[in-house]
Chemist: 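One structure, pasted below without further comment.
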Amino acid sequence: MTPVEPWRFTVLGYQAGLAQPLFLLFVLAGMTLGLLALVGALRRRSRVRALLHERHAERFTPGVSVWRPATQGGLYGLGLALFGFALAQPQCGTKSELTKRRGIDVVVALDASKSMLARDIQPSRLERAKLELTTLLDELKGDRVGLVVFAGDAFIQSPLTSDYSAVKLFLRAVDPEVMPQGGTNVGAALRLSRQVLENADRGSKERVVVLLTDGEDLVGDVAEATEALKDAGVQVLAVGVGSESGEPIPVFDRRGAFVDYKKDAAGETVITRLDRAGLTAIAEATGGTFYFQPRGVAMSQVVERIDQMQKSELESRVTVRYDERFQSFAIPGLALLALGMLLLPSSRRRPSP
(Lines give C-alpha, C1' and ligand atoms only; values in the text may rest on other atoms or scores of the structure.)
Protein backbone atom coordinates (compact mmCIF):
# COMPACT_ATOMS: atom_id res chain seq x y z
CA MET A 1 0.00 0.00 0.00
CA THR A 2 1.37 3.42 -0.94
CA PRO A 3 1.78 5.62 2.16
CA VAL A 4 -0.42 8.71 2.28
CA GLU A 5 1.40 12.00 2.60
CA PRO A 6 0.67 14.02 5.78
CA TRP A 7 -1.87 16.81 5.46
CA ARG A 8 -0.64 20.28 6.40
CA PHE A 9 -2.81 23.35 6.90
CA THR A 10 -3.24 26.44 9.08
CA VAL A 11 -5.86 26.87 11.82
CA LEU A 12 -6.26 30.33 13.40
CA GLY A 13 -2.70 31.16 12.47
CA TYR A 14 -1.24 27.90 13.86
CA GLN A 15 0.50 25.30 11.75
CA ALA A 16 -1.55 22.10 11.96
CA GLY A 17 -1.84 18.81 10.19
CA LEU A 18 -2.68 15.11 10.20
CA ALA A 19 0.30 12.75 10.09
CA GLN A 20 -1.81 9.66 9.19
CA PRO A 21 -4.89 10.96 7.34
CA LEU A 22 -5.82 7.46 6.17
CA PHE A 23 -7.26 6.77 9.63
CA LEU A 24 -9.94 9.37 8.96
CA LEU A 25 -11.85 6.44 7.50
CA PHE A 26 -12.59 5.44 11.10
CA VAL A 27 -14.21 8.84 11.60
CA LEU A 28 -16.46 8.13 8.62
CA ALA A 29 -17.23 4.65 9.99
CA GLY A 30 -18.13 6.11 13.38
CA MET A 31 -20.46 8.72 11.89
CA THR A 32 -22.08 6.01 9.77
CA LEU A 33 -22.62 3.81 12.86
CA GLY A 34 -24.27 6.67 14.76
CA LEU A 35 -26.52 7.50 11.81
CA LEU A 36 -27.58 3.85 11.42
CA ALA A 37 -28.44 3.70 15.14
CA LEU A 38 -30.66 6.80 14.83
CA VAL A 39 -32.40 5.49 11.71
CA GLY A 40 -32.96 2.12 13.42
CA ALA A 41 -34.52 3.80 16.45
CA LEU A 42 -36.89 5.85 14.32
CA ARG A 43 -37.97 2.75 12.38
CA ARG A 44 -38.67 0.82 15.59
CA ARG A 45 -40.69 3.73 16.91
CA SER A 46 -42.73 3.84 13.71
CA ARG A 47 -43.44 0.09 13.86
CA VAL A 48 -44.54 0.28 17.50
CA ARG A 49 -46.87 3.18 16.74
CA ALA A 50 -48.32 1.27 13.81
CA LEU A 51 -49.13 -1.75 16.00
CA LEU A 52 -50.04 -0.12 19.34
CA HIS A 53 -51.43 3.18 20.39
CA GLU A 54 -48.81 5.30 22.10
CA ARG A 55 -50.77 5.15 25.38
CA HIS A 56 -50.57 1.32 25.42
CA ALA A 57 -46.99 0.97 24.23
CA GLU A 58 -45.47 1.35 27.70
CA ARG A 59 -47.93 -1.13 29.20
CA PHE A 60 -47.42 -3.92 26.67
CA THR A 61 -43.64 -3.36 26.18
CA PRO A 62 -42.40 -2.51 29.67
CA GLY A 63 -38.79 -1.35 29.91
CA VAL A 64 -38.31 -1.33 26.14
CA SER A 65 -36.83 2.02 25.13
CA VAL A 66 -36.83 3.33 21.62
CA TRP A 67 -34.09 5.88 22.18
CA ARG A 68 -31.67 3.89 24.35
CA PRO A 69 -30.31 1.82 21.42
CA ALA A 70 -29.93 5.00 19.41
CA THR A 71 -28.06 6.67 22.27
CA GLN A 72 -25.85 3.62 22.74
CA GLY A 73 -25.07 3.45 19.00
CA GLY A 74 -24.39 7.17 19.00
CA LEU A 75 -21.91 6.83 21.87
CA TYR A 76 -20.15 3.98 20.08
CA GLY A 77 -20.11 5.90 16.81
CA LEU A 78 -18.83 9.13 18.34
CA GLY A 79 -16.23 7.24 20.38
CA LEU A 80 -15.02 5.43 17.27
CA ALA A 81 -14.90 8.71 15.35
CA LEU A 82 -12.78 10.34 18.07
CA PHE A 83 -10.48 7.33 18.16
CA GLY A 84 -10.12 7.47 14.38
CA PHE A 85 -9.20 11.14 14.58
CA ALA A 86 -6.66 10.35 17.30
CA LEU A 87 -5.10 7.63 15.10
CA ALA A 88 -4.81 10.18 12.30
CA GLN A 89 -2.33 11.93 14.63
CA PRO A 90 -3.66 15.48 14.73
CA GLN A 91 -0.88 18.02 15.17
CA CYS A 92 -1.11 21.68 16.11
CA GLY A 93 1.76 24.04 16.78
CA THR A 94 5.41 23.59 15.86
CA LYS A 95 8.82 23.85 17.45
CA SER A 96 12.21 24.01 15.79
CA GLU A 97 15.03 21.64 16.75
CA LEU A 98 18.67 21.59 15.71
CA THR A 99 19.58 18.11 14.49
CA LYS A 100 23.25 17.15 14.29
CA ARG A 101 24.60 14.07 12.53
CA ARG A 102 27.96 12.71 13.69
CA GLY A 103 30.01 10.01 12.04
CA ILE A 104 32.81 9.40 9.57
CA ASP A 105 33.01 9.26 5.79
CA VAL A 106 33.21 5.75 4.36
CA VAL A 107 33.74 4.89 0.70
CA VAL A 108 33.19 1.26 -0.25
CA ALA A 109 35.21 0.15 -3.29
CA LEU A 110 33.51 -2.97 -4.63
CA ASP A 111 35.20 -5.25 -7.14
CA ALA A 112 32.72 -6.10 -9.93
CA SER A 113 35.13 -7.87 -12.28
CA LYS A 114 34.38 -11.27 -13.80
CA SER A 115 36.54 -13.01 -11.18
CA MET A 116 33.95 -12.02 -8.56
CA LEU A 117 31.56 -14.49 -10.22
CA ALA A 118 33.66 -17.37 -8.85
CA ARG A 119 31.72 -19.61 -6.49
CA ASP A 120 34.31 -20.57 -3.89
CA ILE A 121 32.04 -18.52 -1.58
CA GLN A 122 28.35 -19.24 -2.02
CA PRO A 123 26.35 -18.12 -3.89
CA SER A 124 29.28 -16.22 -5.47
CA ARG A 125 31.97 -13.81 -4.36
CA LEU A 126 30.03 -10.81 -5.59
CA GLU A 127 26.65 -11.81 -4.19
CA ARG A 128 28.17 -12.59 -0.81
CA ALA A 129 29.96 -9.23 -0.83
CA LYS A 130 26.66 -7.48 -1.60
CA LEU A 131 25.00 -9.27 1.30
CA GLU A 132 27.76 -8.27 3.68
CA LEU A 133 27.65 -4.67 2.45
CA THR A 134 23.93 -4.59 3.19
CA THR A 135 24.75 -5.74 6.71
CA LEU A 136 27.32 -2.95 6.99
CA LEU A 137 24.73 -0.35 5.96
CA ASP A 138 22.29 -1.74 8.53
CA GLU A 139 24.88 -1.41 11.30
CA LEU A 140 26.19 2.09 10.55
CA LYS A 141 24.79 4.99 12.59
CA GLY A 142 25.20 8.53 11.27
CA ASP A 143 28.13 7.81 8.95
CA ARG A 144 28.11 8.89 5.31
CA VAL A 145 28.69 6.15 2.77
CA GLY A 146 29.71 6.28 -0.88
CA LEU A 147 29.99 3.39 -3.34
CA VAL A 148 32.71 3.04 -5.98
CA VAL A 149 32.45 0.07 -8.35
CA PHE A 150 35.40 -1.09 -10.41
CA ALA A 151 36.59 -3.65 -12.92
CA GLY A 152 39.00 -2.52 -15.65
CA ASP A 153 38.03 1.04 -14.71
CA ALA A 154 36.28 2.61 -11.72
CA PHE A 155 33.22 4.84 -11.45
CA ILE A 156 31.06 6.34 -8.71
CA GLN A 157 27.93 4.24 -8.21
CA SER A 158 26.69 6.36 -5.28
CA PRO A 159 28.12 9.62 -3.85
CA LEU A 160 28.59 10.11 -0.12
CA THR A 161 25.19 10.06 1.54
CA SER A 162 23.50 9.19 4.81
CA ASP A 163 20.56 7.71 2.88
CA TYR A 164 21.46 4.05 3.24
CA SER A 165 18.36 2.92 1.36
CA ALA A 166 19.60 4.73 -1.74
CA VAL A 167 23.01 3.06 -1.45
CA LYS A 168 21.33 -0.36 -1.20
CA LEU A 169 19.36 0.43 -4.33
CA PHE A 170 22.55 1.30 -6.25
CA LEU A 171 24.24 -1.80 -4.83
CA ARG A 172 21.60 -4.13 -6.27
CA ALA A 173 22.33 -2.77 -9.76
CA VAL A 174 26.00 -3.85 -9.73
CA ASP A 175 26.58 -6.54 -12.36
CA PRO A 176 29.92 -7.67 -13.90
CA GLU A 177 28.17 -8.36 -17.20
CA VAL A 178 27.39 -4.67 -17.74
CA MET A 179 30.76 -3.25 -16.69
CA PRO A 180 32.07 -1.05 -19.52
CA GLN A 181 35.63 -2.38 -19.30
CA GLY A 182 36.86 -5.82 -18.31
CA GLY A 183 39.82 -6.63 -16.09
CA THR A 184 40.64 -5.49 -12.56
CA ASN A 185 42.11 -2.07 -11.71
CA VAL A 186 42.41 -1.72 -7.94
CA GLY A 187 44.57 1.41 -8.34
CA ALA A 188 41.81 3.25 -10.21
CA ALA A 189 39.31 2.31 -7.50
CA LEU A 190 41.59 3.67 -4.76
CA ARG A 191 42.25 6.92 -6.64
CA LEU A 192 38.56 7.53 -7.27
CA SER A 193 37.72 6.69 -3.65
CA ARG A 194 40.20 9.32 -2.46
CA GLN A 195 38.67 11.83 -4.86
CA VAL A 196 35.19 11.19 -3.44
CA LEU A 197 36.47 11.77 0.09
CA GLU A 198 38.44 14.89 -0.82
CA ASN A 199 35.44 16.48 -2.53
CA ALA A 200 33.09 15.82 0.40
CA ASP A 201 31.39 18.81 1.98
CA ARG A 202 32.38 19.16 5.66
CA GLY A 203 34.42 15.97 5.56
CA SER A 204 35.10 13.98 8.71
CA LYS A 205 38.42 13.89 10.56
CA GLU A 206 38.80 10.16 10.08
CA ARG A 207 38.06 8.71 6.65
CA VAL A 208 38.00 5.13 5.49
CA VAL A 209 38.01 3.17 2.25
CA VAL A 210 36.53 -0.31 2.59
CA LEU A 211 38.07 -2.31 -0.27
CA LEU A 212 36.11 -5.45 -1.14
CA THR A 213 37.97 -7.56 -3.69
CA ASP A 214 39.83 -10.78 -4.35
CA GLY A 215 42.89 -8.59 -4.83
CA GLU A 216 43.90 -9.72 -8.31
CA ASP A 217 45.14 -6.49 -9.86
CA LEU A 218 45.86 -6.74 -13.58
CA VAL A 219 47.17 -3.20 -14.11
CA GLY A 220 49.80 -2.74 -11.42
CA ASP A 221 49.48 0.95 -10.45
CA VAL A 222 48.32 0.27 -6.89
CA ALA A 223 51.43 1.63 -5.13
CA GLU A 224 50.91 5.21 -6.31
CA ALA A 225 47.23 5.21 -5.33
CA THR A 226 48.05 3.72 -1.94
CA GLU A 227 50.68 6.38 -1.27
CA ALA A 228 48.17 9.13 -2.13
CA LEU A 229 45.69 7.70 0.37
CA LYS A 230 48.39 7.55 3.03
CA ASP A 231 49.31 11.22 2.45
CA ALA A 232 45.61 12.17 2.72
CA GLY A 233 45.27 10.31 6.03
CA VAL A 234 42.77 7.83 4.65
CA GLN A 235 42.84 4.29 6.02
CA VAL A 236 42.11 1.30 3.79
CA LEU A 237 40.22 -1.56 5.40
CA ALA A 238 40.86 -4.32 2.88
CA VAL A 239 38.39 -7.21 2.97
CA GLY A 240 39.47 -10.32 1.11
CA VAL A 241 36.80 -12.16 -0.87
CA GLY A 242 37.61 -15.62 -2.23
CA SER A 243 39.90 -18.55 -1.50
CA GLU A 244 43.66 -18.85 -1.74
CA SER A 245 43.37 -22.31 -3.26
CA GLY A 246 41.77 -20.86 -6.39
CA GLU A 247 38.53 -21.24 -8.30
CA PRO A 248 37.60 -21.19 -12.03
CA ILE A 249 35.51 -18.28 -13.33
CA PRO A 250 32.11 -19.36 -14.69
CA VAL A 251 30.78 -18.01 -17.97
CA PHE A 252 27.03 -17.48 -18.45
CA ASP A 253 24.89 -16.86 -21.51
CA ARG A 254 22.39 -14.03 -21.91
CA ARG A 255 19.74 -16.01 -20.05
CA GLY A 256 22.03 -16.48 -17.05
CA ALA A 257 22.62 -20.19 -17.68
CA PHE A 258 26.07 -21.65 -17.05
CA VAL A 259 28.02 -22.31 -20.28
CA ASP A 260 31.63 -23.04 -19.43
CA TYR A 261 34.61 -21.77 -17.45
CA LYS A 262 36.69 -18.86 -18.66
CA LYS A 263 39.73 -19.83 -20.77
CA ASP A 264 42.96 -17.98 -21.46
CA ALA A 265 44.59 -17.49 -24.88
CA ALA A 266 46.15 -20.96 -24.67
CA GLY A 267 42.80 -22.57 -23.99
CA GLU A 268 43.58 -23.27 -20.32
CA THR A 269 40.96 -22.69 -17.63
CA VAL A 270 41.61 -19.41 -15.76
CA ILE A 271 41.96 -19.86 -12.00
CA THR A 272 41.30 -16.86 -9.74
CA ARG A 273 42.90 -16.70 -6.29
CA LEU A 274 42.76 -14.35 -3.34
CA ASP A 275 45.84 -12.12 -3.23
CA ARG A 276 46.31 -11.97 0.55
CA ALA A 277 49.79 -10.46 0.35
CA GLY A 278 48.77 -7.64 -1.99
CA LEU A 279 45.72 -6.65 0.06
CA THR A 280 47.67 -6.78 3.32
CA ALA A 281 50.31 -4.46 1.82
CA ILE A 282 47.66 -1.93 0.74
CA ALA A 283 45.99 -1.90 4.14
CA GLU A 284 49.17 -1.70 6.23
CA ALA A 285 50.64 1.07 4.05
CA THR A 286 47.71 3.34 4.95
CA GLY A 287 47.47 2.39 8.62
CA GLY A 288 44.51 0.12 7.97
CA THR A 289 43.92 -3.59 8.40
CA PHE A 290 43.36 -6.60 6.20
CA TYR A 291 40.35 -8.77 7.08
CA PHE A 292 39.61 -12.25 5.86
CA GLN A 293 37.17 -15.02 6.75
CA PRO A 294 37.67 -18.28 4.83
CA ARG A 295 33.95 -19.07 4.72
CA GLY A 296 32.54 -15.59 4.27
CA VAL A 297 33.30 -11.87 4.47
CA ALA A 298 34.64 -10.27 7.66
CA MET A 299 32.22 -7.33 7.68
CA SER A 300 31.43 -7.55 11.41
CA GLN A 301 35.08 -6.76 12.19
CA VAL A 302 34.95 -3.78 9.83
CA VAL A 303 31.91 -2.42 11.66
CA GLU A 304 33.73 -2.72 15.00
CA ARG A 305 36.71 -0.84 13.59
CA ILE A 306 34.55 1.98 12.24
CA ASP A 307 32.67 2.29 15.56
CA GLN A 308 35.98 2.88 17.36
CA MET A 309 36.96 5.81 15.15
CA GLN A 310 36.54 9.43 16.14
CA LYS A 311 33.21 10.79 14.95
CA SER A 312 32.88 14.26 13.44
CA GLU A 313 29.89 16.53 12.92
CA LEU A 314 29.01 15.87 9.30
CA GLU A 315 25.88 17.98 9.02
CA SER A 316 23.48 20.03 11.11
CA ARG A 317 20.07 21.26 10.14
CA VAL A 318 16.99 22.78 11.70
CA THR A 319 14.00 20.46 11.67
CA VAL A 320 10.42 21.47 12.38
CA ARG A 321 8.60 19.15 14.76
CA TYR A 322 4.81 19.27 15.11
CA ASP A 323 3.16 19.01 18.55
CA GLU A 324 1.04 15.87 18.84
CA ARG A 325 -2.56 16.38 20.02
CA PHE A 326 -3.96 12.84 19.76
CA GLN A 327 -4.53 12.61 23.54
CA SER A 328 -7.23 15.29 23.32
CA PHE A 329 -9.31 12.95 21.17
CA ALA A 330 -8.27 9.48 22.39
CA ILE A 331 -9.30 10.06 26.04
CA PRO A 332 -12.84 11.38 25.26
CA GLY A 333 -13.23 8.58 22.71
CA LEU A 334 -12.41 5.98 25.38
CA ALA A 335 -14.87 7.60 27.81
CA LEU A 336 -17.68 7.53 25.23
CA LEU A 337 -17.05 3.87 24.41
CA ALA A 338 -17.14 3.05 28.13
CA LEU A 339 -20.47 4.91 28.52
CA GLY A 340 -21.85 3.00 25.55
CA MET A 341 -20.99 -0.32 27.21
CA LEU A 342 -22.59 0.76 30.50
CA LEU A 343 -25.82 1.91 28.86
CA LEU A 344 -28.28 -0.99 28.44
CA PRO A 345 -30.61 -1.02 25.41
CA SER A 346 -33.63 -1.49 27.73
CA SER A 347 -34.53 -1.40 31.42
CA ARG A 348 -36.47 -4.22 33.03
CA ARG A 349 -39.29 -2.74 35.09
CA ARG A 350 -42.49 -4.27 36.29
CA PRO A 351 -45.54 -2.89 34.54
CA SER A 352 -47.84 -0.60 36.55
CA PRO A 353 -51.05 -2.37 37.81
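Nothing fancy with the numbering, it's 1 onward along the sequence. Bear in mind that the values here come from a model prediction, so they are computed numbers and not experimental data.
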Chemist: Say whether, by atom type as modelled, one donor and one acceptor occur between the side chain of E216 and the main chain of R273 under 3.5 angstrom.
Modeler: yes
Chemist: Show the nearest heavy-atom pair for residues A112 and V174, with the distance to one decimal.
Modeler: CB-CG1, 3.7 Å
Chemist: Side-chain heavy atoms under 4.5 angstrom apart, residues restricted to Ile, Leu, Val, Met, Phe, Trp, Tyr: same cluster for L140 and L131?
Modeler: no
Chemist: When Ile, Leu, Val, Met, Phe, Trp and Tyr are grouped by side-chain heavy atoms lying under 4.5 Å apart, directly or through other members, which residues fall in the same group as F252?
Modeler: L117, F258, Y261
Chemist: For the hydrophobic clusters of this structure (ILVMFWY residues joined by side-chain heavy atoms under 4.5 Å, transitively), does one cluster hold both L82 and F26?
Modeler: no
Chemist: Once rounded to the nearest 0.5 Å, what's the spacing between atom CG of L78 and atom CG of L336?
Modeler: 5.0 Å
Chemist: Could you tell me whether the side chain of T10 reaches within less than 4.5 Å of the side chain of Q15, counting heavy atoms only?
Modeler: yes
Chemist: Under 3.5 Å, is there a donor-acceptor pair between the side chain of K114 and the main chain of K262?
Modeler: no
Chemist: If hydrophobic clusters are built from ILVMFWY residues whose side chains come within less than 4.5 Å, do F326 and W7 share one?
Modeler: no
Chemist: Can you name the nearest heavy-atom pair linking G187 to D221, along with the distance?
Modeler: CA-OD1, 3.7 Å
Chemist: Tell me, which pairs form a salt bridge (Lys or Arg N to Asp or Glu O under 4.0 Å) where one or both residues lie in residues 152-175, sequence neighbours left out?
Modeler: D138-K168
Chemist: Checking side-chain contact (heavy atoms from CB on, under 4.5 Å) against V208, which of D143, L237, V107, D105 comes through?
Modeler: L237
Chemist: Under the 3.5 angstrom rule, does the side chain of R128 hit a backbone N or O of I121 as a donor-acceptor pair?
Modeler: no
Chemist: When you compare the side chain of F83 with that of L337, does any pair of heavy atoms fall below 4.5 Å?
Modeler: yes
Chemist: Quick check: does any side chain N or O of D214 sit under 3.5 Å from a backbone N or O of G242, one acting as donor and the other as acceptor?
Modeler: no
Chemist: Is it true that, when you exclude Y291 itself, more than 12 heavy atoms of the residues, nucleotides or ligands shown sit nearer than 6.0 Å to its OH?
Modeler: yes
Chemist: What pair of heavy atoms forms the shortest contact from R144 to S162, and how long is it?
Modeler: CG-N, 4.4 Å
Chemist: Less than 4.0 Å between a side-chain N and a carboxylate O, is that true for R119 and E127?
Modeler: no
Chemist: Please evaluate residues M299 and L212 with respect to the criterion side chain to side chain contact (heavy atoms under 4.5 Å, CB included), reporting the C-alpha separation (whole Å), side-chain torsions for both, the decisive distance (0.1 Å), and the verdict.
Modeler: CA-CA 10 Å; M299 195 55 68; L212 268 164; 3.9 Å; yes
Chemist: Determine whether L160 and N199 satisfy the following criterion, side chain to side chain contact (heavy atoms under 4.5 Å, CB included), listing intermediate values before the conclusion.
Modeler: CA-CA 10 Å; L160 281 172; N199 294 338; over 6 Å; no
Chemist: Any side-chain heavy-atom pair from L24 and F85 closer than 4.5 angstrom?
Modeler: yes
Chemist: Give the intermediate values and the outcome of side chain to side chain contact (heavy atoms under 4.5 Å, CB included) for residues T161 and F170.
Modeler: CA-CA 12 Å; T161 178; F170 287 121; over 6 Å; no
Chemist: With heavy-atom distances below 4.5 Å as the criterion, would you say the side chains of V108 and L136 are in contact?
Modeler: yes
Chemist: Considering the options S158, P159, S193, which one meets the side-chain contact (heavy atoms from CB on, under 4.5 Å) requirement together with L147?
Modeler: S158
Chemist: Contact between R8 and Q91 at the side-chain level, heavy atoms closer than 4.5 Å - yes or no?
Modeler: yes
Chemist: Quick one, L279 and L274 - any side-chain contact, counting heavy atoms below 4.5 Å?
Modeler: yes
Chemist: Does a side-chain heavy-atom distance below 4.5 Å link K263 with V251?
Modeler: no
Chemist: Does atom CD (E224) have a neighbourhood of more than 12 heavy atoms from anything else shown, all under 6.0 Å?
Modeler: no
Chemist: For residues 228-236, run the donor-acceptor check on the side chains, cut-off 3.5 Å, and write out each pair with its distance to 0.1 Å, sequence neighbours left out.
Modeler:
unit_1: Q235; atom_1: OE1; unit_2: R305; atom_2: NH2; d: 2.8

Chemist: Applying a strict under-4.5 Å side-chain criterion to I, L, V, M, F, W and Y, I'd like to know whether V27 and L33 cluster together.
Modeler: no
Chemist: Do V270 and V241 share a hydrophobic cluster (ILVMFWY, side-chain heavy atoms under 4.5 Å, transitive)?
Modeler: no
Chemist: Give, for atom CD1 of I282 and atom CG of D275, the distance between the pair rounded to the nearest 0.5 Å.
Modeler: 8.0 Å
Chemist: Measuring from I306:CD1 to E206:CD, what's the distance to the nearest 0.5 Å?
Modeler: 11.0 Å
Chemist: Hey, could you give me the CZ/CG distance between F155 and L192, rounded to the nearest 0.5 Å?
Modeler: 10.0 Å
Chemist: How close do F329 and A86 get, counting heavy atoms only, and between which atoms?
Modeler: CB-CB, 4.1 Å
Chemist: To the nearest 0.5 Å, what is the distance between OG1 (T213) and CG (L110)?
Modeler: 8.5 Å
Chemist: Are I271 and P248 side-chain neighbours, meaning at least one heavy-atom pair lies under 4.5 Å?
Modeler: yes
Chemist: What's the shortest heavy-atom distance between M179 and F150, and which atoms?
Modeler: CE-C, 3.8 Å
Chemist: Should the pair R125-D111 be classified as a salt bridge under the 4.0 Å nitrogen-to-oxygen rule?
Modeler: no
Chemist: How long is the span from the OH atom in Y76 to the CE atom in M341, to the nearest 0.5 Å?
Modeler: 6.0 Å
Chemist: Closest approach of A189 and A109, non-hydrogen atoms and distance?
Modeler: CB-CB, 4.3 Å
Chemist: With side chain to side chain contact (heavy atoms under 4.5 Å, CB included) as the test, would you mind laying out the steps for E139 and Y164 before giving the verdict?
Modeler: CA-CA 10 Å; E139 294 292 332; Y164 302 148; over 6 Å; no
